[in-house]
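The structure appears right after this line, and notes come after that.
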Amino acid sequence: RQTGTVETDAEKHDVEYLTPISIGTPPQDLIVDFDTGSSDLWVFSTEMAAKDIKGQAVYDPNNSSTSEKLQGSTWQITYGDGSSSSGDVYLDTVTIGNLTVPNQAVEAAKKVSDEFTDDPNNDGLLGLGFSSINTVQPTPQNTFFDNVKKNLDTPLFTTDLKHGAPGSYNFGYIDPAAYIGNISWTPVDNSQGFWGFTSPGYAVGTETLRNHSISGIADTGTTLLLLPKSIVKAYYSEVQGAQYDSSQGGYVFPCSPTPPDFVFGVNNGIVTVPGDMVLYAPIDSANQNCFGGIQSDTGIGFSIFGDVALKTSFVVFDAGGLQLGWAAK
Ligand SMILES: O=C(CNCCc1c[nH]c2ccccc12)Nc1scc(-c2ccccc2)c1C(=O)NCc1ccccc1
C-alpha cells in the first residue's frame, strides 16, 4: 500500500495551480493543472502545430520506450469558458511524486484553443473528476487517481491550495498536521461525474447563516467561486461601491476597504472565505478597482466552489466513502 504527496504552485492571482508530473521512459517532465472538475489527462504534444505551442513543455510519445498508441482512440474536450482541446491517445507510464501508474491513458493534444496556447506555464490538465466523464472515444479511459487508488492505503486524495504560495496534493492519506479543528464531512453526488455536494446555507460577514441550499461542485480547475445570482447580489450589496461591470463580465468594486467575509455551510460546519480572498485581482494598473472572486453561476446549472473557496481549506476528496471533507487550516 502506498501514499504520495506532490507540491503545487500558485500562478499569478492564484488563477491556477500547477503541479509537476513525469510521463514515459526516460521520464518527460511536464507541469500540469490538477483539475477535480474534469477527467481527462491531456498534455501538449509533438503532434501539435508549432504555432500553437508558446513555451509549454510537450510530451513526445515517439521518445518514450513505454508508450503504446491506443489505436483508433481520440478525445475532444470543451470547457464552459469556451476553451477546448483535442487529439489522440497513448498508454504510458505516469509518475506523480512517488506514485507510478504503468498504463495510464495520456491524451496527446493535436489542437488546443488560444486560452491554452497563451498560457505558457501550463502543459496540460490532469483530471481528478470521475472517470464517467472522460472524453476518450470509443472507450472512455480511467483517471490517474482511479488507476492508482487500488495501491493507496485508502482511496482518497486531499488538496491544500494556498493564496500565492505552494500548496500540495496528497494521495492515500490525511495529514493531521495539514488542518486544524474538525473535518466537516458531506456526501458526494457523483452522478454528473463531478465532486458534487449541497451546502445548507451561507452568510455575509458576521451575520448568522441563512438557510439556502447551494448545490455545487468542488473544482480545483475553476479559479473563482461561482454561486447563485441571488447570493452574489446579497453579498455585493454589502460591498461599498460594488457594481456589475458588463465589460469585465462580473462584479467589480474598490480594492479597499477589504470586503466582508463570505461563509458557506458544509454539513454542520462552516467554511469562511476571508474578504481579502474575495479581492480576486485589480482590473486597473492604479489598483483602484478589483474583480470579485465571487461571481454568478448563471447558465451553468450548479455552483462551482473553485480555487477561491478551496484555498481557504484543507479538503478531502474521499472516493471510498463518496464524501467531501472540509477543514480549516
Ligand atoms: O471545466 C471545469 C474544470 N476544468 C476547467 C479547465 C479549464 C478551462 N479553462 C482553463 C484555462 C486554464 C486552465 C484550466 C482551464 N469545470 C467546470 S464544470 C462546469 C463548467 C462550466 C460550464 C458552463 C459554463 C461555465 C462553466 C466548468 C468550467 O468551464 N470551468 C472553467 C471556467 C469556468 C468559468 C469561467 C472560466 C473557466
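As the structure lists them, so they are numbered: ligands from 1, and atoms in each ligand from 1. On a predicted model such as this, the values are computed, not experimentally measured, just so you know. Start at 1 with the first residue, then count along the sequence.
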Phe34: what forms a ring pair (Phe, Tyr, Trp, His ring centres under 6.0 Å) with it, not counting sequence neighbours? Tyr169
Ligand 1 N/O to protein N/O, distances under 3.5 Å:
from: ligand 1; atom 1: 4 (N); to: Asp35; atom 2: OD1; distance (Å): 3.4
from: ligand 1; atom 1: 4 (N); to: Asp35; atom 2: OD2; distance (Å): 2.5
from: ligand 1; atom 1: 9 (N); to: Asp81; atom 2: OD2; distance (Å): 3.0
from: ligand 1; atom 1: 9 (N); to: Ser83; atom 2: OG; distance (Å): 3.2
from: ligand 1; atom 1: 16 (N); to: Asp219; atom 2: OD2; distance (Å): 2.7
from: ligand 1; atom 1: 16 (N); to: Thr222; atom 2: OG1; distance (Å): 3.4
from: ligand 1; atom 1: 29 (O); to: Gly80; atom 2: N; distance (Å): 2.6
from: ligand 1; atom 1: 30 (N); to: Thr222; atom 2: OG1; distance (Å): 2.9

Salt bridge check, Asp118 against Lys54: does any charged N sit closer than 4.0 Å to a carboxylate O? yes
Taking the inter-plane angle between the rings of [X] and [Y] on a 0 to 90° scale, is it parallel (under 30°), tilted (30 to 60°) or perpendicular (over 60°)?
X      : Y      : result
Tyr280 : Phe291 : perpendicular
Tyr179 : Phe314 : parallel
Phe157 : Trp195 : perpendicular

Under 3.5 Å: donor-acceptor pair, side chain of Asn267, backbone of Thr186: no
